[in-house]
Enquirer: 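Mind looking over this structure? Questions follow.
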Amino acid sequence: MTIALPARAREIQARVRAFVDAELIPWEVHAEMNDGLVPDDIWKRMKTKAIEAGLDNMDLPVAMGGRGFTTLEQAVAQEQTGRVTNALGWCANNPQKWMLEACSPAQIERWIKPLMTGARHECYAITEAEAGSDVDAIKSTARRDGEVYVLNGEKWHVTSANLSDYMFFQAKITTGPKAGAHALFFVDMDTPGVDIVRTPAYTHNYRAHHPIYRLTDVRVPVGNLIGQEGDGMGFTYAWFRHERLMIAARCCGAAERLIEEATAFAKERIVFGTPLADQQAVQFMLADSVTELFAARLMTYEAARAIDAGADVKTAHAQCSMVKLYASEMAGRVADRAVQIFGGRGYMRENVAERFFRELRVDRIWEGASEIQRLIIANGLLKRGADSLAG
């Protein structure tokens, strides 16, 4: 790679790439044909090797037992996990820094430290049937009743809930001076009143499912409230910024893998007596793909560097939206071209282009649809000017 990276970032990149190539990619087809699953002993090995590769606790400081990676270092690591299909790269726990800033010492001991070690697993219950990208439209409620909160609401697309033992539940306060404001709570999955409604089938084949959960008069101690009443949206925005940037990084990894695989195939496939790669139409598809990857990667790395340098949080928020928007749509275009280059083979589930064609589609939807990213970007442009976002 010709893009300049600090020495440690380059070392992390190489180490994670070696792990992905050796331990994850060989099991993609097996996972695809087995509902996203690999044998238990293989999954345990993947998790162990992921920790050895440094993929756990990347965002947390060394003093707390984390890796202390910069945002750029996390991006280059996540980029490499994006090269594998079937979410096999989701094999290491990664609490985010905002959790340490938001949670009380007791909450850190009960929920965050066990998450760091892998003893516990979390999921995010934020989206609802009528509230996706428009988070403020949620109808879930939290009512204070003495020393407990009573929680009610139905949550959709609760990613990894089938693998989790607690959730972050977002609701609106119903009474008091903060009525109508958002709040975030820890809710253990075995709390009475927490029920699974159903587990829909999705386009991809992942170990992690996305069930629908309903909370009915769920009573949790006041100590389960994260921060203060009214802080919920702030924590969610911090989570969105981080996840949007990491989605962009993984999209770059996926696009690189697709370009590599499609190029290798085009060189070997003989059509009308010559390699498919000699056809100008195919060359144009590959040229467009690698050009867009270069642009997306530069945007992703630069946004990460800016955050590490202490960028204004509102500027960073808009730039993370810019990066997610461009990288996710870029990866979708690259996947479509790769399927076309592979031809009939590109429509077979055993083919990497077919799997990425399906899997990458959601990156234009979750953590805020492309249309929402455009609204965020436009808002930032109108308030702060082009130089602030792209200067």
Side-chain angles (χ1 to χ4, degrees), residues 1-6 9 59 69-76 78-79 82 96-98 101-102 126 131-138 170 180-182 227 230-253 255 288-334 360 363-391:
M1 185 184 292
T2 58
I3 300 174
L5 286 173
D59 196 39
F69 284 7
T70 65
T71 309
L72 177 61
E73 289 168 345
Q74 293 177 63
V76 299
Q78 291 278 2
E79 181 178 10
Q96 292 182 17
K97 195 181 303 178
W98 69 263
E101 300 165 354
I126 297 175
S133 295
D134 180 11
V135 180
D136 194 45
I138 64 171
Q170 188 158 342
H182 289 251
D231 288 346
M233 283 297 284
F235 301 146
T236 300
Y237 286 148
W239 176 60
F240 277 158
R241 279 192 296 277
H242 186 86
E243 283 303 307
R244 286 166 181 167
L245 184 58
M246 296 307 148
I247 285 171
R250 291 192 293 272
C251 283
C252 288
D288 286 344
S289 295
V290 75
T291 299
E292 292 182 41
L293 170 59
F294 186 37
R297 182 174 274 152
L298 287 171
M299 288 177 68
T300 302
Y301 288 6
E302 182 54 34
R305 290 184 211 266
I307 291 172
D308 289 334
D312 170 73
V313 68
K314 292 184 178 180
T315 298
H317 196 77
Q319 289 182 333
C320 286
S321 289
M322 294 166 73
V323 172
K324 178 187 182 288
L325 171 66
Y326 186 80
S328 64
E329 297 199 346
M330 173 277 300
R333 291 190 293 270
V334 172
L360 287 168
D363 288 324
R364 286 178 270 167
I365 299 172
W366 57 15
E367 321 314 348
S370 288
E371 292 72 25
I372 293 296
Q373 307 311 319
R374 288 183 169 93
L375 289 174
I376 293 170
I377 296 161
N379 183 59
L381 172 64
L382 293 171
K383 288 182 177 179
R384 283 172 283 281
D387 187 62
S388 174
L389 302 188

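Basis for what follows: all heavy atoms, side chains included, without hydrogens, waters or symmetry-related copies.
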Enquirer: Tell me, please, which residues at least two apart from A249 pass side chain to side chain contact (heavy atoms under 4.5 Å, CB included).
Expert: A75, Q78, E79, T300
Enquirer: Please give me the minimum heavy-atom distance between I307 and L245, naming the atom from each residue.
Expert: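 Between these two residues, the closest heavy atoms are CD1-CD2, 4.0 Å.
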Enquirer: Could you tell me how the ring of F235 sits relative to the ring of W98: parallel (under 30°), tilted (30 to 60°) or perpendicular (over 60°)?
Expert: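 Parallel.
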Enquirer: Just how far is it from atom OG1 of T236 to atom CD of Q170, taken to the nearest 0.5 Å?
Expert: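 If I round to the nearest 0.5 Å, the distance is 3.5 Å.
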Enquirer: For a quick test of reading the model, state the closest non-hydrogen atom pair linking A296 to M330 and the distance between them.
Expert: CB-CE, 3.6 Å
Enquirer: Between R374 and E329, is the closest basic N to carboxylate O distance under 4.0 Å?
Expert: yes
Enquirer: Backbone N or O of F69 within a donor-acceptor pair of the D59 side chain at under 3.5 Å?
Expert: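 It does not hold such a pair.
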Enquirer: Looking at K324 and E367, is there a salt bridge between them, counting it only when a charged N and a carboxylate O are closer than 4.0 Å?
Expert: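 Answer for the salt bridge query: no.
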Enquirer: Between H182 and D231, is a side chain to side chain donor-acceptor pair (under 3.5 Å) present by the stated rule, with each step listed?
Expert: CA-CA 6 Å; H182 289 251; D231 288 346; over 6 Å; no
Enquirer: Do we get R244 above F240's six-membered ring, with its NZ or CZ under 6.0 Å from the centre and within 45° of the axis?
Expert: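 Judged by the rule (NZ or CZ under 6.0 Å from the ring centre, within 45° of its axis), R244 counts as positioned above F240.
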Enquirer: Measuring from atom CG of L298 to atom CD of E302, what distance do you get when rounded to the nearest 0.5 angstrom?
Expert: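 Here the interatomic distance stands at 9.0 Å.
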Enquirer: I would like to know whether T71 and M246 meet side-chain contact (heavy atoms from CB on, under 4.5 Å); could you show each step before the answer?
Expert: CA-CA 9 Å; T71 309; M246 296 307 148; 4.2 Å; yes
Enquirer: Does L325 offer a backbone N or O that forms a donor-acceptor pair with the side chain of S328 under 3.5 Å?
Expert: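 It does hold such a pair.
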